[in-house]
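Heavy-atom basis, side chains included; hydrogens, waters and symmetry copies ignored. Please read all numbers here as calculations on a predicted model, not as lab measurements. The sequence lines fix the lettering, A, B, ..., with proteins before strands; numbering per chain opens at 1.
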Number of protein chains: 2
Amino acid sequence: MESKAAVLTLSALAQDTRLAIFRLLVTAGPAGLVVGRIGETLGVAPATLSFHLKELTHAGLITARQESRFIHYSANYAAMNELLAFLTENCCGGMPCGVASTVQANGACC
Amino acid sequence: MESKAAVLTLSALAQDTRLAIFRLLVTAGPAGLVVGRIGETLGVAPATLSFHLKELTHAGLITARQESRFIHYSANYAAMNELLAFLTENCCGGMPCGVASTVQANGACC
DNA sequence: TCCATATTTCCATTTTTATAGAAATATTGG
DNA sequence: CCAATATTTCTATAAAAATGGAAATATGGA
C-alpha cells in the first residue's frame, strides 16, 4: 500500500459518521446492508449518507452491490487489513521488539 | 476504545505529513527522534511540524521526552494497537469468518 | 407506460484543517 | 547571567470537508 492510498483510507475512516457506517458494515458481515437501513440505523440524511458512502467506496473500504431496486453496501475486509499492515510496517526498523504486542500475524514486530 | 477517540486517532493519521512523521517514528523505535531531525528528514517548516506533532501527541499516537535541550518524540505502539483492535472489533457480528484473514491475534475474526 | 420508492447529484453555506512567517519561550553550555 | 540553539505559540490566510434541502435519476412492480 502506498502512503497516498493510506491517507485516503484513513481520511475515510476519520469521521464520526463514516466510522459508524464502516463499523456497522463490519458487524453486518459480507451480506451488507441497504442504504436506507444504514440511514435509519444511524440517523443520517439521505444526501449526507450518500456523500459518505461515496467517500468510503472511493477509499475502497466498502463495496456496493445492486440487488433489485436496493443497493447493498458491505465492508471490504481486505482493504482494512492492508491498512493495518501498512501502519505497522517496518516497525522498529524491522528489529523484533516486545512493545505492546497484540497484533503479530501480519509480520509486524509490535 | 471509544468511537470518539478512534476518530481522533484516525484523524491524526489521515494527513500526509502526520502519517509520514508517525511512520518515521515507528521505524525509529522506542528511542525516537528529535524534532529538528524529523523536520529535516521530511522537509517540514518548524511551525508546521510543531502543529502536527501536537496533533499526534493529543491523539496519543506519539510521546514527547525531554533530554537535554532536545525533545525526542517516539511512537506509542500501544495506541496504534488499540486502534487496530477497534477497527476489527465485532467483525461479522462476532461469527468466525474467512474473509481476507491477515490479522488474527487481536481476537478479530477476519 | 406510469407510479412509487431508493439513491444520488447539485448547490450554497458553514465549519474545520493546513500552512508558514515572525515573535515568543525554554533550556543549557559557557 | 548571557548567548546560542531548539521548539512552540501567535496570527493571518488559503484550502478542504461536512451538511442537508431540493431536484434529478434509476429501478421494478402494477
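Of the possible donor and acceptor atoms, one in the side chain of Arg18(B) sits under 3.5 Å from a partner among the backbone N and O of Ser11(B). A donor-acceptor contact shorter than 3.5 Å links the side chain of Asn76(A) to the backbone of Gly60(A).
Taking every heavy atom of residues 6-18 of chain A and every atom of DNA chain C, no pair lies under 4.0 Å.
Legend: residues meeting side-chain hydrogen bond (donor to acceptor under 3.5 Å, both in side chains) with Glu2(B), ordered by chain and number and at least two apart, are absent. Among residues two or more places apart in sequence or in another chain, the side-chain hydrogen bond (donor to acceptor under 3.5 Å, both in side chains) test is passed with Arg65(B) by Glu67(B). With sequence neighbours excluded, the residues that form a side-chain contact (heavy atoms from CB on, under 4.5 Å) with Thr17(B) are Gln15(B), Ile21(B), Val44(B), His52(B).
For DNA chain D, the span of nucleotides reached by chain A at under 4.0 Å from its heavy atoms goes, 5' to 3', from dA18(D) to dG28(D).
The shortest heavy-atom contact between Ala64(A) and Tyr73(A) is CB-CE2, 3.7 Å. Pairing each heavy atom of Ser74(A) with each of Gly32(A), the nearest pair is CB-CA, 3.8 Å.
To the nearest 0.5 Å, atom CG of residue Leu25(A) and atom CZ of residue Phe22(A) are 8.0 Å apart.
Ser50(B) places none of its side-chain heavy atoms less than 4.5 Å from the side chain of Val35(B).
Atom pair Leu53(B):CG and dA18(C):P shows a separation of 13 Å (rounding to whole Å applied). Between the P atom of dT27(C) and the CZ atom of Arg65(B) lies a distance of 16 Å, rounded to the nearest Å. Rounded to an integer number of Å, the gap from Leu49(B) CG to dA18(C) P is 14 Å. If you take NZ of Lys54(B) and C1' of dT19(C), they are 14 Å apart, rounded to a whole angstrom. One interatomic measurement links the two molecules: CD1 of Ile71(B) to P of dT25(C), which rounds to 16 Å at whole-angstrom precision. Spacing between atom CZ of Phe70(B) and atom C1' of dT27(C) amounts to 10 Å, rounded to whole angstrom units.
For the pair Arg23(B) and Phe86(A), the cation-pi criterion (under 6.0 Å, within 45° of the ring axis) is fulfilled.
The 5' end of DNA chain D is approached more closely, in terms of each residue's nearest nucleotide, by Thr48(B) than by the other of Ala47(A) and Thr48(B). Annotation: of the two residues near DNA chain C, Phe51(B) and Ser50(A), the 5′-most nearest-nucleotide partner is Ser50(A).
Under the side chain to side chain contact (heavy atoms under 4.5 Å, CB included) rule, Leu61(A) has a single partner from Leu8(A), Thr9(A), Leu83(A), which is Thr9(A).
In terms of phosphate contacts, His52(B) brings a side-chain nitrogen or oxygen within less than 4.0 Å of OP1 or OP2 of dT19(C). Within the structure, a side-chain polar atom (N or O) of Tyr73(A) is placed less than 4.0 Å from OP1 or OP2 of dT8(C).
With the end axes of the helix from dT1(C)-dA30(D) to dG30(C)-dC1(D) each set by five pairs, the angle from one to the other reads 30° at 10° resolution.
As judged by a 4.0 angstrom heavy-atom cut-off over every strand, Ser68(A) is placed among residues touching the sugar-phosphate backbone only.
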